[in-house]
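Right, one structure below, let's go through it.
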Amino acid sequence: MPELPEVETVVQGLSLAVTGHSLSAITFHRDKIREEIPTQLFRELFEGQPVLDIFRRGKYIILRTDLGFGLIHLGMSGVLAVESKALPLPRHTHFTADIDSTSERLRFTDPRRFGRLGAVKNLNDSIWLSSLGVEPLIQKNLAGYLGKMAKNRKVPIKNFIMDSKILVGVGNIYASESLFDAGISPLRSANSLIKIEWLRLSRSIQSILKKAIKAGGTTLKDYRTSGGEMGYFVNELSVYGKKEPCMKCFHPIMQMRQSGRSTWFCSVCQK
DNA sequence: CGTAGCGCCTGCCGGC
DNA sequence: TGCCGGCAGGCGCTAC
């Protein structure tokens, strides 16, 4: 579900509500999501400790206290929200905590349970983070980096830019959108791109992610901002989920499967 | 080593 | 109306 822009939007939305406040009544409504939740450690790090910072690494949301870090991954259907304590809890809510000195609570809900909830004393301890590739909006000379990493990589370029060991944050929607924007076919093997194409693709990835962040992300179904609002980048999508003809050349947008995921593209504009 | 395929889960939608 | 297959913003494990 959420890709970099959605996670970034959630982090920005949580920042004011959570920073400087401590969590209490920390409750795990189940002790396993996809894997075991370190409930004891999480409580130890957060009970009574003010949250000093909230930030994002890849698609992970990270909260910091003096004692350590909490990590949250939204998977495909996860929602992390701040809302009134008085509201009833939705189905599939796995974690709640009261935000001290407010009438609000933090809630994590994830029907499909592909999400993750973790805790570590040091960020270096996290095996989840240690294998992550570069940040698309921070990496200097992204085109050069991607081109170098793509040597000997025959995987389709779409899979390559979605590989979180290479590049974080680009998921199924923004991979299709970036490749359309750059005019590159999702079927091309990663090692076939030439310098100018890496430049175009890098710029497309960065500009689309930035625009999507400004729009509050893309809501197809589950995704909501931390305040419960929809992300309206869905109105700016060019190919993903489009039944209408290509906005550039008016040929039909094609849909195909790549590694079990849906790819949307224009076979005329993307070469 | 790189790659393809499968599995993890629930919910929703369209076709029959 | 109800059932069934297919599909959904992710990612890690396996076999080759």
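Quick note on labels: first sequence line is chain A, next is B, and so on, each numbered from 1.
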Item to complete: Decide yes or no, distance alone: a donor-acceptor N/O pair under 3.5 angstrom between the base of B/dC9 and the side-chain of A/Arg112.
Response: yes
Fill in: Pairing residues for A/Asp181 by the side-chain contact (heavy atoms from CB on, under 4.5 Å) criterion, not counting sequence neighbours
A/Ser204, A/Ser207, A/Ile208
Worksheet entry | A/Thr39-A/Asp31 side chain donor-acceptor pair, cut-off 3.5 Å | no
Worksheet entry | N/O (side chain, A/Ser262) to phosphate O (OP1/OP2, C/dA8) under 4.0 Å | yes
Item to complete: Whole angstrom is fine here: how far is it from CD1 in A/Ile166 over to C1' in B/dC1?
Response: 13 Å
Worksheet item: How would DNA chain B look in dot-bracket form, 5' to 3', counting Watson-Crick and G-U wobble pairs with both distances under 3.5 Å and writing | for bases paired to another strand?
Response: .|||||||.|||||||
Worksheet entry | Non-hydrogen side-chain atoms of A/Arg113 and A/Lys32 separated by less than 4.5 Å | no
Discussion item. Please report the distance, rounded to the nearest Å, between CD1 in A/Ile33 and P in B/dC9.
Written reply: 12 Å
Item to complete: Please report, rounded to the nearest Å, how far the P atom of B/dT3 is from the CD1 atom of A/Ile157.
Response: 12 Å
Practice prompt. Choose from B/dA4, B/dC12, B/dC9 the nucleotide whose nearest atom is closest to any side-chain atom of A/Pro156.
Written response: B/dA4
Practice prompt. Determine, for A/Glu197 against A/Arg188, whether the closest basic-nitrogen to carboxylate-oxygen distance falls under 4.0 angstrom.
Written response: yes
Worksheet item: Would you call A/Arg30 and A/Phe95 a side-chain contact if the rule is heavy atoms closer than 4.5 Å?
Response: no
Fill in: Expected output: side-chain A/Thr9 to main-chain A/Pro5 donor-acceptor under 3.5 Å
yes
Worksheet entry | Of A/Arg153 and A/Phe114, the one whose closest DNA chain B nucleotide lies more 5' | A/Arg153
Item to complete: With P as the reference atom in both, quote the distance from C/dT14 to B/dC9 in angstrom, rounded to an integer.
Response: 16 Å
Discussion item. What is the separation between atom NZ on A/Lys154 and atom P on B/dC1, rounded to the nearest whole Å?
Written reply: 16 Å
Worksheet entry | Whole-Å distance separating the CG atom of A/Asp163 from the C1' atom of B/dG2 | 11 Å
Worksheet item: Taking for each residue the nucleotide of DNA chain B bearing the nearest heavy atom, is the 5' side occupied by A/Asn159 or by A/Arg91?
Response: A/Asn159
Discussion item. Can you confirm whether A/Arg116 sits close enough to A/Leu71 that some side-chain heavy atom of one is under 4.5 Å from a side-chain heavy atom of the other?
Written reply: no
Worksheet item: Atom NE2 of A/His92 and atom P of B/dC12: how far apart are they, to the nearest Å?
Response: 9 Å
Item to complete: Salt-bridge test for A/Glu229 and A/Arg224: reply yes if a basic N is under 4.0 Å from a carboxylate O, no otherwise.
Response: no
Discussion item. Treating primed atoms plus P, OP1 and OP2 as sugar-phosphate and everything else as base, which nucleotides of nucleotides 11-16 of chain C get B, S or - for protein heavy atoms under 4.0 Å?
Written reply: SS----
Practice prompt. Nearest whole angstrom, please: distance from the C1' of B/dC8 to the CZ of A/Arg30.
Written response: 12 Å
Fill in: Where A/Gly58 and A/Val7 come nearest, the two heavy atoms and their spacing
O-CG1, 4.4 Å
Worksheet entry | Nearest-angstrom distance from the residue atom NZ of A/Lys32 to P of B/dT10 | 12 Å
